[in-house]
Protein chains: 2
Amino acid sequence: MLFSFKERFPSLNPYWERYMALQKRVEYPARTILLKEGKTAQNYYFVEQGCLRLCFDNNGKDTTVQFFFENEGLASLESFRKDIPSIFTIETIEPSIIHVLPKTVFNEMLRELDQNPDFLKALIDISFERQHHYMNEFLSRIRDTPLERYLNLRKERPHIVKRVPQHYIASYLGITSVHLSRIKNKISRKK
Amino acid sequence: MLFSFKERFPSLNPYWERYMALQKRVEYPARTILLKEGKTAQNYYFVEQGCLRLCFDNNGKDTTVQFFFENEGLASLESFRKDIPSIFTIETIEPSIIHVLPKTVFNEMLRELDQNPDFLKALIDISFERQHHYMNEFLSRIRDTPLERYLNLRKERPHIVKRVPQHYIASYLGITSVHLSRIKNKISRKK
DNA sequence: TACATTTAATAACAAATGTTATCGTCCCCT
DNA sequence: AGGGGACGATAACATTTGTTATTAAATGTA
């Protein structure tokens, strides 16, 4: 995510490179928890290989909010930014290779670039992108039926349907895995 | 919303005041559409008196996303910022007195303050606040039942329940007005 | 290879929520 | 004052989705 801003704000490249060099490259097995709900986020993660999910415990039900694949970055943003307990858990789905950027490094960067308009504008852009993303997730949950959401997922992001176990997809669509089974059954019978 | 930043970024006060002076003060009757879904947002609105809602047509069903009361400001942000057709409609609920800030004025402000770190930081703060707000709306829709959401609304924002017609509240809670009636009935029988 | 764990499908039943229709009240508007 | 629209309650019925339990296939691992 951060990295797509290299072209838009080339003046920041020396900074990105200097700070990104401070990441650690770590291998995790499948179903490893990188950040547990309730703990304060200490790191920003970048996926070199594998896949993660952002999720939370919803009255005992596991709910997935977002999936992350190769070349995508993430953190439990609110927790990361405000130093408060995370609402979310971050967990690997597949065995994964992750670049871990400690918050201390990020904060140094914040301090150094605190007055740099290009850096601030990059943050604004990042923030608006995220806002846009969540707004769309929000609207899709409201306006689309589970069937529509599933068909849309299959069409727009087939890699998710291929690589992610079905019960995580169900928890992402906001339904039970039983119901997702029914939906798939219905689709295949229609064809 | 913008106005709570006066204390945090006092250096910007001369700008706020200069630009805010360019607003128009307008009275609208109830059920007046200020921005129609599909049109591009031309204004930022600030409520002096009355109440508005942000909503959209959801396959024929009217869905309310947010309510705005006295001293709150709003725009169809994506449309306003990116000059694209608005996903949302903005409509008065009660007869209202609204301060209207044209986008042209806002854009002048953007240009003038484009390199001002305090201004950029104020935008970042505003953006994060909105993100936080929508994240919570999103989570509440997922994790809470309509009953819980209604009880919570009644407790946390009783003015909404008092001033807003019930079918708008239902559309905000994500249920039909019939179902909201049932919920209210159930609550009153329990007491 | 064999055993345990994870994953997926299905059935039967239960609960939540939507749909449609009817009725009564209130309140704006002319 | 009266008429039309907006608002809210309720009932009967339909649909969607969840719950629980069972079975089977796939997968990882000793």
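This is a predicted model, so every value here is computed, not measured. By convention in this document, chain letters (A, B, ...) are assigned in the order of the sequence lines, proteins followed by strands, and residues within each chain are numbered from 1.
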Distance, rounded to the nearest Å, where R149(B) contributes CZ and dA16(C) contributes P: 17 Å
L123(B) side chain reached by F128(A) side chain, heavy atoms, under 4.5 Å: no
Options dC7(D), dT19(D), dA9(D), nucleotide nearest the side-chain atoms of S181(B): dA9(D)
Worked check of side chain to side chain contact (heavy atoms under 4.5 Å, CB included) between D62(B) and T89(B): CA-CA 10 Å; D62(B) 175 284; T89(B) 291; over 6 Å; no
Side-chain N or O of K184(B) closer than 4.0 Å to phosphate OP1/OP2 of dA9(D): yes
Charged N-O contact under 4.0 Å between R81(A) and D125(B): yes
Rounded distance (Å) that lies between atom P of dT16(D) and atom NE2 of H179(B): 16 Å
Separation of dA9(D) P from I183(B) CD1 (nearest whole Å): 12 Å
Gap between atoms CZ and C1', on R182(B) and dA15(C) respectively (whole Å): 12 Å
Any T176(B) side-chain nitrogen or oxygen under 4.0 Å from OP1 or OP2 of dG18(C): yes
pair F119(A)-W16(A): side-chain heavy atoms closer than 4.5 Å: yes
Spacing of L180(B) atom CG relative to dT17(C) atom P, expressed in whole Å: 12 Å
Name each donor-acceptor pair under 3.5 Å that joins a side chain in residues 97-105 of chain A to protein atoms two or more places apart or in another chain, with its distance.
{"unit_1": "H99(A)", "atom_1": "NE2", "unit_2": "E48(A)", "atom_2": "OE1", "d": "2.8"}
{"unit_1": "K103(A)", "atom_1": "NZ", "unit_2": "A41(A)", "atom_2": "O", "d": "2.7"}
{"unit_1": "K103(A)", "atom_1": "NZ", "unit_2": "D83(A)", "atom_2": "OD1", "d": "3.0"}

Whole angstrom value for the distance that separates P of dA12(C) from CG of N185(A): 14 Å
Selection from dT6(C), dT10(C), dG18(D) that lies nearest to any side-chain heavy atom of R31(A): dT6(C)
Residues E70(A), R163(A): salt bridge by 4.0 Å N-O rule: yes
Residues in contact with DNA chain D, drawn from residues 166-175 of chain A - heavy-atom cutoff 4.0 Å: G174(A), I175(A)
Minimum-distance nucleotide to V178(B) side chain [options: dT10(C), dG18(D), dA21(C)]: dA21(C)
Ring-ring centroid check F80(A) F106(A), cutoff 6.0 Å: yes
Distance, rounded to the nearest Å, where K162(B) contributes NZ and dG8(D) contributes C1': 19 Å
Atom pair distance, as rounded to whole Å: CD1 in I93(B) and C1' in dA6(D): 14 Å
